Amino acid sequence: MAPPQIIKTQVGIIGGGPAGLMLSHLLASHGIENIVVEKRDHETIRNTHRAGILEAQAVSMLTDTGVNGRVLTHGDEHAGIDLRFNGESHPLDFRDLVDATVTLYAQNEVFVDLAAARERDGGDLRYSAEVTELLDIDSETPKFRFTDAAGQVFEVHADIVVGADGSRSFARRQMPEGKRNDFKVEYPFAWFGILTEAPKSSPELIYANSPHGFALISQRSETVQRMYFQCDPGENVDDWSEDRIWNELQKRVDGADGFQLKTGPIFDKTVLGFRSFVREPLSHGRLYLVGDAGHTVPPTGAKGLNLAFADVKVLFEAIDSFYSTQRTALLDGYSDLALKRVWKAQNFSYWMTSMLHTPVNADPFMTRRALGELETVTSSRYGQQYLAESYTGWPHA
């Protein structure tokens, strides 16, 4: 067997989703050489439909760093949400409450923009390339091996290796067992999600608590909408006809105001499982984890991609400092600093999830308690401000 072909670089990034590509883009903008190795092919990622609610800081990371401005022309800025319970709507105005907004922009579109920017700038992106070994992460020259689509084996020699390879991270699994702690919660429900060709049902997103379970009436564009309803994790999408789906969604938003969803053909159905996970620490030796490789949150709080970009910002500044000063202080502090935001987001996401969802086999007390919490939030400006601040994002560290 032929020896692997050696690639020498400063930063080796495992994972070419939005987090890995954003880090690659930022590093390149400061003259730091890097390579991105991604197991999937470009078209698979581009066509994997995932919702995206971007905090203003995430939007700025795309626009202010020279990616492009498509998020501003194709994204949909929102200044609030609608909490709906007891059949009544309770709008929250983020601009009024905390002077902030969010932007709906699908994660696969973020990927398209970042991939195009890296190709434009001559970035070294290797798609359809599977990492098989991670070596010497405790040394000053960590390495990893990957095999490309043609079967050629390469070995990357770097100063720093970053795991940005998602919730099933290969990089994360290489951290020594005795030096890591995993914190996780499995939720007893999932989301049944659809994409439909229909006009918007509401100007803002609707988060609905109902006796039948949670529903989220989200959006994708003027003509395509994304909606979800709480379901059993073992639900089979093939068991649900369009009529059954629309009936289920409608009864979860029904109320005395006569609110009606705008319906249309459904062209995508999926069941999205729920869990919370955090790996501590987010680093070992010269290996650093960002985004879903290090933590996942339920989507109720709209924090997933925003947390990944926040990780990237902290790690980029630490790497930039390392090369400009030859000191490791910021790299050494990366995990602790990033985890502060991670745990705030875990708390917010867990809170939103427990407040809005109907527990499996819920007793009347728990059901009424959740409604009391929603009433507390919506009847208090301070309660509304806490939700608005958490939803639109805390300042980056």
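A quick note: this is a predicted structure, and the numbers were derived from the prediction, not measured. FYI, the numbering just counts along the sequence from 1.
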[X] side chain to [Y] backbone, donor-acceptor under 3.5 Å:
X	Y	value
Glu197	Thr263	no
Thr392	Ala388	yes
Arg226	Leu216	no
Asp93	Pro91	no
Glu242	Ile266	yes
Glu133	Arg145	no
Lys313	Ala58	no
Thr353	Ser349	yes
Ser221	Val224	yes
Asp239	Glu235	no

Are [X] and [Y] linked by a side-chain donor-acceptor pair shorter than 3.5 Å?
X	Y	answer
Glu248	Trp240	no
Ser169	Asp165	yes
Trp191	His357	yes
Asp311	His295	yes

Supply the atom-to-atom distance Tyr207 OH to Leu387 CG, rounded to the nearest 0.5 angstrom.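 Answer for the OH-CG pair, Tyr207 versus Leu387, is 9.0 Å.
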Measure the spacing between CD of Gln385 and CG of Leu92 and express it to the nearest 0.5 Å.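 Spacing of CD (Gln385) from CG (Leu92) equals 10.0 Å.
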Tell me whether [Y] is reachable from [X] by hopping between hydrophobic residues (I, L, V, M, F, W, Y) whose side-chain heavy atoms are closer than 4.5 Å.
X	Y	result
Met355	Leu371	yes
Ile81	Leu305	no
Phe214	Leu249	no
Met352	Val253	no
Leu330	Val161	no

Would you say that [X] contacts [Y] through its side chain, given a criterion of any heavy-atom pair below 4.5 Å between the two side chains?
X	Y	value
Phe189	Thr358	no
Met61	Leu26	yes
Thr196	Trp246	yes

May I ask you to decide whether [X] forms a salt bridge with [Y], counting only side-chain N to carboxylate O separations under 4.0 Å?
X	Y	value
Glu33	Lys8	no
Glu55	Arg341	yes
Asp138	Lys179	no

Yes or no on side-chain contact (heavy atoms from CB on, under 4.5 Å) for His212 and Phe229, after CA distance, side-chain angles and deciding distance? CA-CA 9 Å; His212 307 287; Phe229 62 85; over 6 Å; no
With a cut-off of 6.0 Å (strictly less than), are more than 12 heavy atoms of other residues, nucleotides or ligands near [atom1] of [X]?
X	atom1	value
Asp99	CG	no
Glu140	CD	no
Tyr350	OH	no
Arg168	CZ	no
Lys39	NZ	no

Please say whether the positively charged group of Arg126, taken as NZ for Lys or CZ for Arg, lies over the ring of Phe146, i.e. under 6.0 angstrom from the six-membered ring centre and within 45 degrees of the axis.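 Judged by the rule (NZ or CZ under 6.0 Å from the ring centre, within 45° of its axis), Arg126 is not positioned above Phe146.
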Considering all heavy atoms of both residues, which atom of Ser283 and which atom of Tyr288 are nearest to each other, and what is their separation?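 Smallest heavy-atom distance, with atoms named: CB-CD2, 3.4 Å.
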Mind running side-chain contact (heavy atoms from CB on, under 4.5 Å) on Arg180 and Arg172 for me, showing each step along the way? CA-CA 10 Å; Arg180 68 193 197 202; Arg172 182 178 68 222; over 6 Å; no
Can you tell me which residue among Trp351, Phe94, Tyr386 is in a ring-ring contact (aromatic ring centres under 6.0 Å, His included) with Tyr391?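 Going through Trp351, Phe94, Tyr386 one by one, the ring-ring contact (aromatic ring centres under 6.0 Å, His included) with Tyr391 is satisfied by Phe94 alone.
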Please, which pairs that meet salt bridge (charged side-chain N to carboxylate O under 4.0 Å, His left out) have at least one residue in residues 267-285, sequence neighbours excluded?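 Residue pairs passing salt bridge (charged side-chain N to carboxylate O under 4.0 Å, His left out), neighbours aside: Asp182-Arg279.
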List the steps, then state whether side-chain contact (heavy atoms from CB on, under 4.5 Å) holds for Asn108 with Ile45. CA-CA 7 Å; Asn108 52 310; Ile45 308 174; 5.9 Å; no
In a check of side chain to side chain contact (heavy atoms under 4.5 Å, CB included) between Arg84 and each of Ile217, Leu374, Asp257, Asn209, which one passes?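 Per the side chain to side chain contact (heavy atoms under 4.5 Å, CB included) rule, the option paired with Arg84 is Asp257, out of Ile217, Leu374, Asp257, Asn209.
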